[in-house]
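First comes the structure, then the notes that go with it.
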Amino acid sequence: MARPSTRRALWIWYRGDPFGGFQVQPGRPTVQQTLFPALDWLGLRSFVPAGRTDRGVHARMQVVSVRAPAELANEEIERALSAELP
């Protein structure tokens with residue numbers, strides 16, 4: 001039986017200078033490529049952005065939706081992502 005999960009909204013901030021935009025693009029680093037390993041480490045393999053940015057664009061309070069195990073506290077997600085992301 002599958003573990004119960006809930007849909008969570010992650011609010012992310014980033015400076016866009018080092019990124020080629022949000023969505024994966026061959027040959028350049030992107031926000032999605034940076035975010036995925038950190039989320040995958042938590043077991044959050046499926047995420048959907050509420051929008052995306054172009055190359056060099058900064059974001060403040062961009063929403064990314066994830067499905068997380070119900071027992072995983074929001075504070076645990078925040079601590080783990082803060083530790084894993086630049």
Of the non-hydrogen atoms in Arg7 and Ser65, which two are nearest, and what is the gap between them?
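Answer, listing the atom of Arg7 first, then Ser65: CD-OG, 2.7 Å.
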Which pair of heavy atoms, one from Thr34 and one from Pro86, lies closest together, and at what distance?
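Closest heavy-atom pair between Thr34 and Pro86: CG2-CD, 3.9 Å.
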Would you check, one step at a time, whether the test side chain to side chain contact (heavy atoms under 4.5 Å, CB included) holds for Trp13 with Met61?
CA-CA 6 Å; Trp13 288 254; Met61 296 175 66; 3.2 Å; yes
Between Tyr14 and Phe22, how do the two ring planes meet: parallel, tilted or perpendicular, split at 30° and 60°?
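Tilted, since the angle between the ring planes falls between 30° and 60°.
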Residue pair Thr6 / Arg8, side-chain donor-acceptor N/O under 3.5 Å
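Note: Thr6 and Arg8 side chains meet the donor-acceptor criterion.
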Cluster overlap [X] with [Y], hydrophobic side-chain contacts below 4.5 Å:
X: Phe47; Y: Trp41; value: yes
X: Val64; Y: Val57; value: no
X: Val63; Y: Val31; value: no
X: Leu39; Y: Ile77; value: yes

Is the count of non-hydrogen atoms from other residues, nucleotides or ligands lying under 6.0 Å from Glu76 atom CD greater than 12?
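Yes, enclosed.
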Side chain proximity check, [X] to [Y], heavy atoms < 4.5 angstrom:
X: Leu10; Y: Leu35; result: no
X: Leu72; Y: Leu44; result: yes
X: Arg28; Y: Arg55; result: yes
X: Arg67; Y: Ser5; result: yes
X: Asp17; Y: His58; result: yes
X: Glu84; Y: Pro37; result: no

Is a side-chain donor or acceptor of Gln32 paired with a backbone partner of Val24 at a separation under 3.5 angstrom?
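Between the backbone of Val24 and the side chain of Gln32 there is a qualifying donor-acceptor contact (under 3.5 Å).
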CD of Gln23 to CG of Asp54: how many Å apart, nearest 0.5 Å?
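Gln23 atom CD to Asp54 atom CG measures 10.5 Å (nearest 0.5 Å).
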